[in-house]
A.B. asks: 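Shown below is the structure under consideration.
Please read all numbers here as calculations on a predicted model, not as lab measurements. Both ligands and their constituent atoms are indexed starting at 1 by order of listing.
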Amino acid sequence: MALLPILCFPDPRLHKVAQPVQAVDARIQALIADMLETMYDAHGIGLAATQIDVHERLIVIDVSEERDQPLVLINPEITWSSPDRHKGEEGCLSVPGLRGVVPRHQRIRYTGFDPQGQPIDRVAEGFHARVVQHECDHLIGKLYPMRVTDFTQFGFTEVLFPELD
Ligand code: GNR
Ligand code: NI
């Protein structure tokens, strides 16, 4: 097992689109173990392979209080999403020091494969659904700040980015 370095914004590799995992072999098993170790070490709630510079469709999540319920999803796909979106605060290990409110589908159905190669097909809602959407976004090169809809301006009167003038 090994801790893997997590790419941080503005690293362009965070915007690569991941390809499907071709076979759940020893390499993928080792990657899963390393991703779980890296996620827990970083106190993250999820981690996508993109964040550790592996551009394959693989995510790990643990939304449990005790941090003892790992969910591994190989080739995850969101196959249905409810029309209603709820706003909630997000952070990202690849965008340290920032939090933002993001609208996400309240309920989703997702599919994928577990580390034994068994199919997964589940419905999730609320925070669980939010984290699956956040991780699946990483796999298509998207970071949550691109989905923030509500910005608050703290009374700046000067131009924020004068180099753009
Ligand atoms: O640790 C994380 N917390 C979090 C909070 C709200 C919504 C999504 C997340 S995922 C994030 C870890 C991470 O960056 N995963 O890609
Ligand atoms: Ni993230």
A.B. asks: Looking at atom 2 (C) of ligand 1, what's its closest protein heavy atom, distance included?
C.D. replies: I45 N, 3.7 Å
A.B. asks: Please could you name the atoms of ligand 1 that G44 approaches to less than 4.0 Å, counting only its heavy atoms?
C.D. replies: 1 (O)
A.B. asks: Of all the non-hydrogen atoms in the protein, which one sits nearest to atom 7 (C) of ligand 1, and at what distance?
C.D. replies: E90 CG, 3.5 Å
A.B. asks: Which of the numbered atoms in ligand 1 are under 4.0 angstrom from any heavy atom belonging to E135?
C.D. replies: 10 (S), 13 (C), 15 (N), 16 (O)
A.B. asks: Just how far is it from atom CZ of R107 to atom CH2 of W80, taken to the nearest 0.5 Å?
C.D. replies: 5.5 Å
A.B. asks: Starting from F9, can I reach L98 by hopping between I/L/V/M/F/W/Y residues whose side chains sit under 4.5 Å apart?
C.D. replies: yes
A.B. asks: Before signing off on this row, confirm whether Q51 and ligand 1 have an N or O atom pair separated by under 3.5 Å.
C.D. replies: yes
A.B. asks: Each residue besides V24 in its hydrophobic cluster should be listed here, by chain and number; the cluster joins Ile, Leu, Val, Met, Phe, Trp and Tyr at side-chain heavy-atom distances under 4.5 Å.
C.D. replies: L4, I6, V21, I28, L31, I32, M35, L36, M39, Y40, L47, I52, V54, L58, V60, V72, I74, L93, F113
A.B. asks: Given D41 and H43, is the side-chain contact (heavy atoms from CB on, under 4.5 Å) satisfied, shown in steps?
C.D. replies: CA-CA 6 Å; D41 179 75; H43 306 286; over 6 Å; no
A.B. asks: Any side-chain heavy atom of D137 within less than 4.5 Å of one from M146?
C.D. replies: no
A.B. asks: Among all the protein's non-hydrogen atoms, which is closest to atom 14 (O) of ligand 1, and how far away is it?
C.D. replies: L93 N, 2.9 Å
A.B. asks: Considering residues, nucleotides and ligands other than E89, do more than 12 of their heavy atoms fall under 6.0 Å from its CD?
C.D. replies: yes
A.B. asks: So, at under 2.8 Å, which protein N, O or S atoms would a careful student list around the Ni ion (ligand 2)?
C.D. replies: C92 SG, H134 NE2, H138 NE2
A.B. asks: Considering only heavy atoms of H138, which atoms of ligand 1 have at least one such atom less than 4.0 Å away?
C.D. replies: 16 (O)
A.B. asks: What protein heavy atom is closest to atom 8 (C) of ligand 1, reported as residue, atom name and distance in Å?
C.D. replies: H134 ND1, 3.5 Å
A.B. asks: Side chain or backbone, does E89 bring an N or O within less than 3.5 Å of an N or O on ligand 1?
C.D. replies: no
A.B. asks: Starting from L3 and following side-chain heavy-atom contacts under 4.5 Å between hydrophobic residues (I, L, V, M, F, W, Y), which residues can be reached?
C.D. replies: none
A.B. asks: Is there a salt bridge (charged side-chain N to carboxylate O under 4.0 Å, His left out) between R147 and E90? Walk through the geometry before answering.
C.D. replies: CA-CA 11 Å; R147 299 216 189 264; E90 299 194 14; over 6 Å; no
A.B. asks: Can you name the residues that form a ring pair (Phe, Tyr, Trp, His ring centres under 6.0 Å) with H128, not counting sequence neighbours?
C.D. replies: Y110
A.B. asks: Can you find a pair of side-chain heavy atoms, one from K142 and one from Q133, that are under 4.5 Å apart?
C.D. replies: no
A.B. asks: Check whether any side-chain heavy atom of H55 sits under 4.5 Å from a side-chain heavy atom of V17, and report yes or no.
C.D. replies: no
A.B. asks: If you measure from atom 9 (C) of ligand 1 to every heavy atom of G91, G46, C136, which option wins on shortest distance?
C.D. replies: G91
A.B. asks: Please state which part of Y144 comes within less than 4.0 Å of ligand 1, counting heavy atoms only: side chain, backbone, both or neither.
C.D. replies: neither
A.B. asks: Can you confirm whether R99 is buried at CZ, in the sense that more than 12 heavy atoms of other residues, nucleotides or ligands lie under 6.0 Å from that atom?
C.D. replies: yes
A.B. asks: What atoms in ligand 1 come closer than 4.0 Å to a heavy atom of C92?
C.D. replies: 14 (O)
